[in-house]
Amino acid sequence: MSANERNLRPVSLPDDWNPGSWRGRTALQMPVYPDATELAGVQDELRALPPLVTSWEIQTLKQQLADAQEGKRFLLQGGDCAENFADCSSAVISNRLKVLLQMSLVLVHGLRQPVVRVGRFAGQYAKPRSADTETRGDTTLPSYRGDIINGPEFSAKARIPDPRRMVKAHARSAMTMNFVRALVDGGFADLHHPEYWDLGWVTHSPLAHEYQRMVANIGEAVRFMETLSGNEVHNLNRVDFFTSHEALLLPYEEALTRQVPRQWGWYNLSTHFPWIGMRTAAVDGAHAEYFRGIRNPVAVKVGPTVAPDDLLRVIDLLNPDDEPGRLGLICRMGAGKVAERLPPLLEAVRREGRRVLWICDPMHGNTEATSNGYKTRRFDNIRSEIEQSFDLHAAAGTRLGGVHLELTGEDVTECTGGARDLSEADLERAYRSTVDPRLNYEQSLEIAMAIVRKHAQLKPPVSV
Ligand code: PEP
Ligand code: CO
């Protein structure tokens, strides 16, 4: 069946599903809103607002993810652990875009493949928490669950879940999308001008030389092609950028789930590529129920405790028709466990002949606390989990199709190690994350370079 036919004709339209059918299941990590009428009113307001993305874009991404499954593209998915309302600013958004563009340039150049660029932004406002409450001294309050739900300040008032925050999150997401689209369409991503993506302090970076040399090579190649053809190469001046977030807060996602003229089924139009977090991935849970009915490409986080049979059940539920580009599995095992935990999953999926996109999240299995009380991740562990994953896939006859990273364009010190060998003592200098530690600009670029090096090692030598 062609991609076009698939859009017009149901593969298997679940007739026992609707955008609210998740309400019949156990919904973990959900805030308890004090006023149900106010919540319903906010949902109605959201339903009347324009969506953030379109179904065509979603279908385009699905096709690109299908290509990545077949080894024709590589997925780069990255951004903050959590966006917050205060950081919806020109500098934060454009710096994050710059890092992602630079990384994708490194990957395109080194892998000799197009890259699918997906941001963790324009909606990454809800966070799962390991505890429902937080205690400081004698006071216990509900945990902070992300700006779309409540406030981070440690006060009873700030921590009450407020449904109006969903409207604000929708607006901030729209502003972020609008700015990203305007930058990309206006030529910010133009390969003729990679200097647009320079970050002020990059020139001092230990990696600057390698990166600049690569940019110069690409510049020469572009000029050569243009001289040869006598024309400017126009399709180098824009790129596709897609969005993703953890679709945790189901009342919000439900309100942005729409039917679209001339297309069958329902789309989540709050983002292109939503994922289910590890803590809410139970096959009989509310999140899995919601995800099975939408037509977006979707992903699921897979942690070290997932057994092969459980994973196959999740695959059956979310992609019963084995649709290309539909399902990503974002594995986050940790550098110390991946060699033991990943191979049985690869083997089971390969044996059953299921079509999935394997993605490595080398961040969430490698979080630790320092003696001075910071949540951090060691660069070497992050790199190691990616490198091991490439090797494990090669051994299993499967394919690692992308990476999922927490990163920022800001000059933060949240992960240790990397080219500047940040120490635990350095973390105090610029630790800004309210949740998980992110790779800074240099560490992100270094990861892109490490991926390229590893990929080159694995590729069979070309015979001449
Ligand atoms: C996250 O991606 O920020 C996250 C909470 O991940 P996980 O669900 O894998 O723990
Ligand atoms: Co995180």
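Indexing begins at 1, ligand by ligand and atom by atom, following the structure's order.
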Looking only at protein heavy atoms, which one is nearest to atom 8 (O) of ligand 1, and what is the separation? M278 N, 2.8 Å
Do me a favour and list the nearest non-hydrogen protein atom to atom 1 (C) of ligand 1 with residue, atom name and distance? H364 NE2, 3.0 Å
To the nearest 10°, how many degrees is the angle E406 OE2 to the Co ion (ligand 2) to C81 SG? 90°
Between E385 and C360, is any pair of side-chain heavy atoms under 4.5 Å apart? yes
Considering only protein heavy atoms, which is closest to atom 6 (O) of ligand 1, and at what distance to one decimal place? K301 NZ, 2.9 Å
Check step by step if salt bridge (Lys or Arg N to Asp or Glu O under 4.0 Å) holds for R432 and E414. CA-CA 8 Å; R432 295 204 210 115; E414 298 172 3; over 6 Å; no
Please list, in number order, the atoms of ligand 1 under 4.0 Å from a heavy atom of P128. 5 (C)
Near R120, which atoms of ligand 1 are under 4.0 Å from a heavy atom of that residue? 1 (C), 2 (O), 3 (O)
Evaluating non-hydrogen atoms only, which member of K127, E246, Q29 is closest to atom 3 (O) of ligand 1? K127
Are any of the side-chain heavy atoms of F85 and R165 separated by less than 4.5 Å? yes
With heavy atoms of C81 as the reference, note each atom of ligand 1 found under 4.0 Å away. 3 (O)
With respect to the Co ion (ligand 2), what is the nearest N, O or S atom of D436? OD2
Are the aromatic ring centres of H404 and W275 under 6.0 angstrom apart? yes
D380 and its salt bridge (charged side-chain N to carboxylate O under 4.0 Å, His left out) partner, picked from R378, R383, R377: R383
Could you tell me the residue and atom name of the protein heavy atom closest to atom 9 (O) of ligand 1, and the distance to it rounded to 0.1 Å? R332 NE, 2.7 Å
Once the angle between the rings of H245 and Y252 is folded into 0 to 90°, is it parallel (under 30°), tilted (30 to 60°) or perpendicular (over 60°)? tilted
Please work out which of the three classes, parallel, tilted or perpendicular, describes the rings of Y374 and Y431, given edges at 30° and 60°. tilted
The atom of H364 among N, O or S that is nearest the Co ion (ligand 2) is NE2
Any idea which atoms of ligand 1 are less than 4.0 Å away from a heavy-atom of G277? 8 (O)
Cation-pi check, R136 to F154: give yes when NZ or CZ is under 6.0 Å from the six-membered ring centre and within 45° of the ring axis, no otherwise. yes
For ligand 1, does A82 get within less than 4.0 Å through its side chain, its backbone, both, or neither, judged by non-hydrogen atoms? neither
Do the side-chain N and O atoms of N268 and Y290 include a donor-acceptor pair separated by under 3.5 angstrom? yes
Test of proximity, E406 against ligand 1: N or O pairs below 3.5 Å: yes
